[in-house]
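The first residue of the sequence shown is numbered 1, and numbering continues consecutively from there. What you see below is based on every heavy atom in this structure, not just the backbone, and it leaves out hydrogens, waters and symmetry mates. We count ligands from 1, going down the list as the structure has it; atoms in each ligand are counted the same way. On a predicted model such as this, the values are computed, not experimentally measured, just so you know.
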Amino acid sequence: MTDVLNLIGGARVGEPEIARRNPADPGEVVAVTPSSDASAVDAALTAAVEAQAAWAATPAPARGAILLDAADLLRSRQAEVAADLSREEGKTLAEATGEVRRAVDVLRFFGSLGWRTSGEVLPSALPGTTIFTRHEPLGVAALITPWNFPIAIPAWKLAPALISGNAVVVKPAELTPLSVAHLSDALVEAGLPAGVLNVVHGPGSVIGDALARDHRVAALSFTGSTRVGLGLHRILGERRARVQLEMGGKNAYLILDDADAHAAARVVAASAFGLTGQACTATSRVYCTPGVREAFLGALAKEAESVTMGPVVSEQQLAADVAAIDTARAEGAEFVAGGRPPVGQFLPPTVLTGLGHDSSVVREEIFGPVVAVLGVESYEEGLDRVNDSRYGLTAGICTQNLAAAHHFAAHAQVGVVKVNRPTTGLDLNVPFGGVKDSSSNTFREQGTAALDFYTWSKTVYMGHE
Ligand code: NAD
């Protein structure tokens, strides 16, 4: 059992009150956190504002060196951090290890950007004049993160924020406090000055709301559910603060007749059941043209039999997954895989067919290892179905037809398109984000694109004659 306190102005503070249990073994308490209130947010923002100017004045390579040292520390503790991540979130150890490595690589990527020039030099129509742009930090950024990538998402928000010269206040998901504690420990031990990074634990409706409303927060980056994200959008919009929201998904795969049914089944199984289906980019609906449908369903059933998955993250999430499966059963769904009750918090991978296009299971995000397979008559109908959603995060197509693949890449209304690859999993150097109700669709995360959100551009005219 570990007490995980707030980090405010360099001090670990707060009273441990709320216990997080291991979803694979609910008898084990893995972390106990404070249930902070708005006064902790006030203290964290005071500390962040105080620390920010000196941090911004620190040369960017020196800021980067701290991120690089933190990456080394985290890498040296990889086994311990991955075990804790797996215990609090439920991912398999292999998945947890991959996620910790991602956090290490994200710190390395943004740490090394401390040596990169930023801004550009532009010609002027005026004689004896040089124009250049500067990318200025915003000040204090609030980062609100979900439980499903408890170390990678905080890392990919705070690393671009810090290298750009901002101070941050992180509000981790209640279910996964331990992973952020490992990340913040590494940064503090690497020499991050007190107050530059603050972490406040507590209920989202209290801490997140207080952060969103406070005028000292110049920018808020949120990853989580669409319901909460849209509420934050209203608050931040009213006070014209910068906001970045990455939210829910109902990601679709289209399988065309010319695809190899077994290869397509492997891609869809990885997309739907990896990370227990608890990825915003998980595939949860599949459309097959008539010639491939039977072979694909048979192959997917076999894939589902051999999947290794961790437990569902919480009793509440499990109840929601089971309710969605019960709805599908009541609507006459056939079970190609799954259909058995959960064992503890372990839910079998579930493949449903025989559902109508308007079934709630086909339209609403479930966030569990459940995928519905539906028939379409043609590529064109399939593309229409893929796009007939309030969400637009990722979509995939399995085909060997280059023309169809390029048409899909151009016309799928999503932020990320995958051809013959799982909808889940992105390299750390590529822009990531969605459209429609999946995203504020303003600034992208990850890669150098992430820096745009955490800086503003200033144009300078320099007369030298
Ligand atoms: P959630 O919206 O319940 O919580 C996300 C964060 O917001 C948590 O830290 C929570 O404490 C906080 N929060 C809750 N209520 C709040 C409020 N009123 N004001 C401010 N903050 C509040 O989401 P979750 O259950 O943690 O995560 C699952 C959801 O996240 C899914 O919908 C999934 O699709 C989405 N997600 C999206 C992406 C993406 O990049 N698009 C990535 C991962 C997860």
Which of the ligand 1 atoms, numbered from 1, are nearer than 4.0 Å to a heavy atom of [X]:
X    : result
T223 : 5 (C), 36 (N), 37 (C), 38 (C), 39 (C), 40 (O), 42 (C), 43 (C), 44 (C)
K171 : 9 (O), 11 (O)
N148 : 43 (C), 44 (C)
L393 : 41 (N)
D209 : 19 (N), 20 (C)
F432 : 40 (O)
F222 : 2 (O), 5 (C), 6 (C), 7 (O)
C280 : 34 (O), 36 (N), 37 (C), 38 (C), 39 (C), 40 (O), 41 (N), 42 (C), 43 (C), 44 (C)

Considering only non-hydrogen protein atoms, determine which one is nearest to [atom] and report residue, atom name and distance to 0.1 Å.
atom                    : value
atom 14 (C) of ligand 1 : G204 CA, 3.6 Å
atom 18 (N) of ligand 1 : S205 CA, 3.7 Å
atom 24 (P) of ligand 1 : W147 NE1, 3.4 Å
atom 28 (C) of ligand 1 : F367 CE2, 3.7 Å
atom 27 (O) of ligand 1 : P146 CB, 3.5 Å
atom 10 (C) of ligand 1 : E174 OE1, 3.7 Å
atom 41 (N) of ligand 1 : M247 O, 2.8 Å
atom 34 (O) of ligand 1 : E365 OE2, 2.6 Å

query: Is there side-chain contact between Q278 and W147, with heavy atoms separated by less than 4.5 Å?
result: yes
field: Residue-ligand contact A173/ligand 1, heavy atom below 4.0 Å
entry: yes
message: Regarding T226 and D437, do their side chains bring together a donor and an acceptor under 3.5 Å, going by distance alone?
response: no
field: Any side-chain donor near an acceptor of the partner, S39 and D37, under 3.5 Å
entry: yes
Would you mind checking if [Y] and [X] are paired as a salt bridge, meaning a charged N to carboxylate O distance below 4.0 Å?
X    : Y    : value
E99  : K91  : yes
D388 : R363 : yes
E28  : R21  : no
D105 : R75  : no

[X] versus [Y], closest heavy-atom pair with distance:
X    : Y    : value
I8   : A40  : CD1-O, 3.6 Å
C280 : L393 : O-CD2, 3.2 Å
L451 : T455 : O-OG1, 2.9 Å

task: Using distance alone, decide if ligand 1 has a nitrogen or oxygen within less than 3.5 Å of any nitrogen or oxygen in S225.
output: yes
side-chain contact (heavy atoms from CB on, under 4.5 Å) partner of M247, chosen from V228, L230, T223: L230
- prompt: Of the choices V228, T145, I366, V313, which has the non-hydrogen atom that lies closest to atom 6 (C) of ligand 1?
  reply: T145
query: Of the choices A212, A152, G224, which has the non-hydrogen atom that lies closest to atom 30 (O) of ligand 1?
result: G224
query: Using 30° and 60° as the class limits, which term best fits the ring planes of Y287 and H357: parallel, tilted or perpendicular?
result: parallel
task: Would you confirm whether the ring centroid of F443 sits within less than 6.0 angstrom of the ring centroid of W456?
output: no
- prompt: Under a 4.0 Å heavy-atom limit, does F149 contact ligand 1 with its side chain, its backbone, both, or neither?
  reply: neither
field: Region of L175 that comes within reach of ligand 1 [heavy atoms, distance under 4.0 Å]
entry: neither
